[in-house]
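Chain letters run A, B, ... following the sequence lines, proteins first, then strands; residues in each count from 1.
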Protein chains: 2
Amino acid sequence: MSRRSGILEFAVLGLLRESPMHGYELRKRLNTSLGVFRAFSYGTLYPCLKALVASGWLIEETDGAPEGVPAAALTGRRAKIVYRLTAAGKEHFEELLAHSGPDAWEDEHFGVRFAFFGQTSRDVRMRVLEGRRSRLEERLERMRTSLARSRERMDDYTLELQRHGMESVEREVRWLNELIESERAGRDQRPTDSAAQDKNQSGDTGGLPRHRGGSRPDPSDDTTT
Amino acid sequence: MSRRSGILEFAVLGLLRESPMHGYELRKRLNTSLGVFRAFSYGTLYPCLKALVASGWLIEETDGAPEGVPAAALTGRRAKIVYRLTAAGKEHFEELLAHSGPDAWEDEHFGVRFAFFGQTSRDVRMRVLEGRRSRLEERLERMRTSLARSRERMDDYTLELQRHGMESVEREVRWLNELIESERAGRDQRPTDSAAQDKNQSGDTGGLPRHRGGSRPDPSDDTTT
DNA sequence: TTCGTCATGTAATGGGTTACATGATTAC
DNA sequence: GTAATCATGTAACCCATTACATGACGAA
């Protein structure tokens, strides 16, 4: 049936874990929390929500009536659906959170995974951060050798582009190093449960992993309700 | 008929302008010249090449036999097609080069456009660079306000991500500033014609515009033949 | 009453990858 | 002889966007 999307599924589950929401608001949150990395349109979000409901991870509630109402049919008025995470959904999300395999540090996933680091265990965080770092280091290596081999064939602009590219990757590696450092140094943000409330530790420096290429409409979307 | 792709078409035309090539080699060049930004698989490239031939921008030549040979049918041996830019193709490419509209500075296009800056006039270069800069400045503005509005709702990691994201964009803006500066300062690389040969001017600093999000297989491809 | 924004959806399309099928040529 | 890499292609998907259709609600 309908659309799934992996990363979107993950993000939706993660956001709904904090509190139930309309699809509409969900999208706004998505486009600011994950902001620079990804944006999703309704054409992606709504079908995905339906699929998540079908899987039992979410339930729909019509805005006024709590719990059991099967959504649709409410005095003829239009939908207005609030999505709420089910117990199964929560469990499923926690499983997803625990995965720290290779795709967790690929470009498209890493940013989103990072955005939900606050809900993961430090173990997972470390594995993901280190995975990404070595990923980028390989990339850097490949860039260096391929640059060495074809430097003469490139004109100034191509070269400049290449250089800036490498520097950006290098910069992300430094960021990761700092993050890893400060993870090692013992911060131990709540391994799994509940939402934001402790904003103590800090001392990291940063920069972004990478912001997505695709022609995001650069969401003029806002955040707060 | 077959697939077009805009940006791929542009890049292919641009590379073939320097010299005729096999599809195979074209792909390698694509994945190193444009390296960090985009990568294309054969499933994208070959159909696109066929489409370009159909449009008359390219002609196919079978590897040994020069000029007129209609490709296919050469003692039963397998294809081995060399693609060569036609006069019409060259003209078309120059038209594309001259466009400096908004999409030239969108994420997906900008990198590729920049890679071929050596073949554009300074006017176009300036417009594209300035366009991108103001594009990023808008984005920055939006990030700042949306961050201001929802800072409290975000946990440390989300915040950190946001910060790194902004810094990356800021960094690209600085890079663009330097490039614009040095364009203004009068370098005047050959407005249009021919390929790389003068690698005199320099003195720019740099960094990359942005590397594409999508799960590129991180092309293990090499460059030189 | 009209405008903005909240709110939900879908069909058409775009742009791309993966996996596969096939085979030639080169280097060891 | 066998592995790597050169070389060309295609069909089946995947993920997402665009543009559209529909409508409620609040504020000016």
Without decimals, in angstroms, what is the distance between [X] [atom1] and [N] [atom2]?
X      : N      : atom1 : atom2 : answer
B/E60  : D/dA7  : CD    : P     : 15 Å
B/E108 : D/dA16 : CD    : C1'   : 13 Å
A/D103 : D/dC14 : CG    : P     : 16 Å
B/D107 : D/dT17 : CG    : P     : 13 Å
B/K28  : D/dA4  : NZ    : C1'   : 13 Å
A/L49  : C/dG9  : CG    : P     : 8 Å
B/R27  : C/dT17 : CZ    : C1'   : 11 Å
B/L58  : D/dT8  : CG    : C1'   : 16 Å

Respond yes when some side-chain nitrogen or oxygen of [X] is under 4.0 Å from OP1 or OP2 of [N], and no when none is.
X     : N      : answer
B/R38 : C/dG16 : yes
B/S41 : C/dT17 : yes
A/T44 : D/dC15 : no
A/Y24 : C/dT8  : no
A/Y42 : C/dT8  : no
A/Y46 : C/dT8  : yes
B/K50 : D/dG9  : yes

*Salt bridge flag under 4.0 Å for residues B/R133 and B/E138*: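 Not counted as a salt bridge, because no side-chain N and carboxylate O are separated by less than 4.0 Å.
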*Rounded to the nearest 0.5 Å, how far does CZ of B/R27 lie from OG1 of B/T44?*
9.0 Å
_side-chain contact (heavy atoms from CB on, under 4.5 Å), that's the test. Do A/L15 and A/L30 meet it? Break it down for me._
CA-CA 8 Å; A/L15 282 179; A/L30 236 41; 3.3 Å; yes
*Look at all strands and tell whether B/G23 reaches a base, only sugar-phosphate, or nothing, counting heavy atoms closer than 4.0 Å.*
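It contacts sugar-phosphate atoms only.
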*Side chain of B/I81 only, please: which of D/dT8, C/dC6, C/dG15 is the nearest?*
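Closest nucleotide to the B/I81 side chain: D/dT8.
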*B/K80 side chain: which of C/dT25, C/dT5, D/dA16 is closest?*
C/dT25
*By ring pair (Phe, Tyr, Trp, His ring centres under 6.0 Å) - contacts of A/F10 (at least two apart)*: A/F93, A/F116
*Between the two end axes of the helix from C/dT1-D/dA28 to C/dC28-D/dG1, each built from 5 base pairs, what angle do you get to the nearest 10°?*
30°
*Ignoring hydrogens and angles, tell me if any N or O in the side chain of B/R84 forms a donor-acceptor pair with the backbone of B/P20 under 3.5 Å.*
no
*Ignoring hydrogens and angles, state whether a donor on the side chain of A/S168 or B/R171 is under 3.5 Å from an acceptor on the partner side chain.*
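Short answer, yes.
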_So, applying side chain to side chain contact (heavy atoms under 4.5 Å, CB included) with B/L13, which one of B/L96, B/L97, B/L8 is it?_
B/L96
*With sequence neighbours excluded, what pairs up with A/E170 under the side-chain contact (heavy atoms from CB on, under 4.5 Å) test?*
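Result, side-chain contact (heavy atoms from CB on, under 4.5 Å) vs A/E170: A/L140, A/R144, A/M166, A/E167, A/R174.
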